[in-house]
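To find a chain, count down the sequence lines: A is the first, B the second, and so on, and within it residues start at 1.
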2 protein chains.
Amino acid sequence: MTKPKTWTLKSIAKELGVSNATVSNAFNRPDQLSKARREEILAACKKLGYFGPNKAAQSLRRGTFNIVALVLPDSVEYMVSDPVASSFMRGVSAVLEKNGINLLLFSGNNDNLNSVVDFVDGFICYGRPRNKQLVEQLKQVAKHVVTVDFNIGRDASVNVNNQQASFDIAKHALQKNDDRVAILGLRLLDNDVLCRVYEHHEFEAGQSIAHQRLRGYHQAISDAGITLGDDRTWNIPESSERFASIAAKEALSSTPRPNVLLCMSDLIALAAMREALKMGLSIPEDVKIVGFDGIDEGQRFVPKLTTVHQNSEEKGRIAATLFLSKEQQTAEIDYQLQLGQSS
Amino acid sequence: MTKPKTWTLKSIAKELGVSNATVSNAFNRPDQLSKARREEILAACKKLGYFGPNKAAQSLRRGTFNIVALVLPDSVEYMVSDPVASSFMRGVSAVLEKNGINLLLFSGNNDNLNSVVDFVDGFICYGRPRNKQLVEQLKQVAKHVVTVDFNIGRDASVNVNNQQASFDIAKHALQKNDDRVAILGLRLLDNDVLCRVYEHHEFEAGQSIAHQRLRGYHQAISDAGITLGDDRTWNIPESSERFASIAAKEALSSTPRPNVLLCMSDLIALAAMREALKMGLSIPEDVKIVGFDGIDEGQRFVPKLTTVHQNSEEKGRIAATLFLSKEQQTAEIDYQLQLGQSS
DNA sequence: ACCATTAAGTAAATCGATTAAGAACCTACA
DNA sequence: TGTAGGTTCTTAATCGATTTACTTAATGGT
């Protein structure tokens with residue numbers, strides 16, 4: 001005579017003639033009841049079709065959820081389109097999956113952490129989210145948070161030395177005393193518009209990876225004794241091939257035509273190479289192009305891309321591991337220059 | 001004199017000298033109290049730092065969560081590596097994001113829906129999950145479910161006519177009365193091993209997309225008056241370039257050397273083309289190769305890939321929309337043959 | 001002046017669990 | 001035989017909210 005359609009701890013307990021606590025203990029604390037009782041209860045539950053305590057209720061009571069939210073820099077769409085971000089996610093998910101923890105995707109466009117804070121054990125935040133309010137909220141309301149590629153002075157963080165890496169790669173590209181440099185940047189401005197950037201001085205304190213990389217470039221450029229023109233930097237608001245191509249085309253047909261292109265991502269660098277070839281320029285004779293990230297496609301491209309390789313998947317694994325350990329520390333990830341034929 | 005570190009509805013109510021219900025109503029049912037009271041309460045909450053009702057508790061009470069689980073065919077890793085799956089996810093997330101609903105990633109390797117059923121409003125299941133138990137559980141315990149690329153006879157589903165599409169593309173490839181066909185399949189067997197497949201008859205009833213596509217191929221092959229050899233089909237257990245390359249190499253160096261390669265995905269077809277070129281074969285003169293999916297890279301490759309194009313992003317959007325509408329129906333998605341130079 | 005509505009707010013049950021404290025019983029040792 | 005200790009199980013408070021049914025006061029029509 002199975003009573004309810006959907007069983008609860010309470011109804012099961014009543015059906016079996018034992019107390020709530022005993023059923024709960026049967027599932028959670030085997031030491032609290034006799035082995036015989038326990039097995040009897042478990043068997044009965046299985047037979048009746050009760051699959052164990054409701055997780056939502058359990059979580060409310062316990063305050064733990066087995067869910068971590070991955071805060072993305074932008075929309076979910078962006079995340080799965082970008083090979084670097086995808087690798088990172090692969091690393092994160094591998095570790096979490098192994099630990100039986102679920103992953104909730106949280107768009108960096110959201111303007112309120114509120115809809116998820118109460119549902120998760122914490123946050124892994126990949127890059128500075130597009131919506132700045134999120135940063136403040138993370139600081140204030142997150143139970144636990146690991147930030148990647150930027151820092152909010154809380155819990156743990158994972159970083160690559162972007163400034164040093166950019167310096168290194170730019171230095172490599174500028175070896176031969178070239179004098180016409182252009183920079184194809186990431187999201188340097190908040191205006192969502194593909195445009196040139198003029199007020200360089202404003203970025204010397206910026207904390208996003210775009211700003212960090214820009215500082216590295218600037219340093220290398222100035223070390224090489226070159227003066228960077230006022231209109232030689234492009235702001236590319238989102239990491240898409242479309243935007244990258246437009247910016248590359250613009251840069252390559254601007255005057256004076258640059259013969260060194262410092263690109264803040266491989267996606268951009270590849271688009272730039274395609275455009276350059278399409279314009280009949282030869283690489284690196286007419287224009288040297290360097291990227292950042294080290295994605296597979298860059299190594300397959302002809303000519304092979306010169307870039308900074310960072311192991312994003314490893315970064316993801318470290319971030320997740322750090323999250324689970326609840327340790328409070330900052331991990332710095334290695335990078336390597338990958339020298340191709342594009343510079 | 002702010003009392004607790006972290007406010008609850010109850011403590012806020014006490015602090016303000018009103019009842020629980022009134023505070024709750026202030027947030028959820030404006031019509032239940034005077035405008036003045038409401039604004040007063042909301043302002044006080046803001047000042048005290050109470051950001052609104054705890055979502056976990058709210059969900060427990062209401063039974064709704066604003067979270068949908070995306071059940072993946074395999075690990076999360078696989079999902080972000082596969083361009084087709086990524087597009088699908090892009091479509092899903094775009095629609096959900098617009099509706100303020102969060103996405104929980106659920107690996108198809110999990111053996112228990114249990115850890116999430118109580119946390120989500122339902123499931124979008126992309127392809128038959130690797131772990132078959134999940135299918136049974138979906139049928140039984142899911143509040144709501146939309147399946148994609150397969151069917152469990154519940155709620156809604158989104159499908160492409162894989163069999164017809166495969167028939168069409170195979171027919172195109174076999175136009176010239178070729179006689180040496182090989183098939184590079186997806187996951188046809190459950191053994192997780194890259195191997196040849198012998199017992200073809202077993203698949204005539206299979207419901208996964210791999211089986212559906214195989215039926216299409218078989219039909220076209222038999223229509224062309226060709227007899228498919230007993231060892232001409234490869235089982236590729238996961239959609240990775242590594243496996244695809246190995247299988248392609250094996251197929252292309254098998255006797256008799258096939259001059260038509262029917263590949264169940266573009267990823268496989270591209271790997272096959274690379275291997276063929278590496279072996280000094282010319283495409284399509286020595287071997288015709290066709291794929292399935294219509295990913296961008298296939299159109300950039302030289303020679304351009306001949307394939308079946310399906311709009312995965314659209315598929316994702318439809319699946320999500322169907323989920324939200326709670327309608328009970330089956331949507332069939334269009335496909336188009338994309339004729340390149342590879343066949 | 002009377003009764004019927006409507007508006008504003010509250011008390012208490014409820015969602016489905018966990019867990020501290022304690023009751024009842026049994027064992028065993030001096 | 002008395003009591004200390006150990007098992008086994010139950011009672012009841014609690015997590016943080018929503019919502020039905022109800023009280024009280026104010027309004028309005030005749």
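- Look at B:Ser59 and you won't find any side-chain N or O under 4.0 angstrom from OP1 or OP2 of D:dA17.
- Within the 6.0 Å centre-distance limit, the rings of A:Tyr50 and A:Phe27 are counted as a close aromatic pair.
- Remark: P of D:dG16 and CG of A:Asp118 are 10 Å apart, rounded to the nearest angstrom.
- A donor and an acceptor atom never sit less than 3.5 Å apart when one is taken from the side chain of B:Arg29 and the other from the base of D:dT18.
- Nucleotide C:dT14 holds its P atom 17 Å from the CG atom of A:Leu9, rounded to whole Å.
- As a whole-Å value, the separation of A:Asn25 CG from C:dG16 P is 20 Å.
- Distance, A:Lys14 NZ to D:dT10 P: 14 Å, rounded to whole Å.
- One finds a side-chain N or O of A:Arg37 lying less than 4.0 angstrom from the OP1 or OP2 phosphate oxygen of D:dC9.
- Between the P atom of D:dA13 and the NZ atom of A:Lys10 lies a distance of 14 Å, rounded to the nearest Å.
- Looking at which nucleotide of DNA chain D each of B:Ala57 and A:Gly17 is closest to, the 5′-most match is held by A:Gly17.
- When each of B:Ala21 and A:Asn20 is assigned the nucleotide of DNA chain D bearing its nearest heavy atom, the one mapping closer to the 5' terminus is A:Asn20.
- Look at CG on A:Asp31: it is 13 Å from P on D:dC9, rounded to the nearest Å.
- Each of A:Tyr50 and B:Ser19 lies near DNA chain C, and the nucleotide nearest B:Ser19 is the one positioned closer to the 5' end.
- A:Thr22 comes within 4.0 angstrom of a nucleotide base, judged by non-hydrogen atoms across all strands.
- Remark: side-chain polar atoms of B:Ser59 are paired, donor with acceptor, to backbone N or O of B:Thr64 under 3.5 angstrom.
- Between A:Leu16 atom CG and D:dT10 atom C1' there is a gap of 15 Å when expressed in whole angstrom units.
- Tested against B:Asp155, the residues B:Gln328, B:Lys143, B:His144 include a single side chain to side chain donor-acceptor pair (under 3.5 Å) partner, B:His144.
- Of the N and O atoms on the side chains of A:Asn109 and A:Asp74, at least one donor lies less than 3.5 Å from an acceptor on the other residue.
- For the pair A:Lys326 and A:Phe323, the distance from NZ or CZ to the six-membered ring centre is under 6.0 Å and the angle to the ring normal is within 45 degrees.
- Nearer the 5' end of DNA chain C, as judged by each residue's closest nucleotide, is the contact made by B:Lys35, out of B:Lys35 and B:Leu60.
- B:Asn54 places its CG atom 18 Å from the P atom of D:dT14, with the value rounded to the nearest Å.
- Using a 4.0 Å heavy-atom criterion, one finds that B:Ser24 contacts the bases of the nucleic acid, with or without backbone contacts as well.
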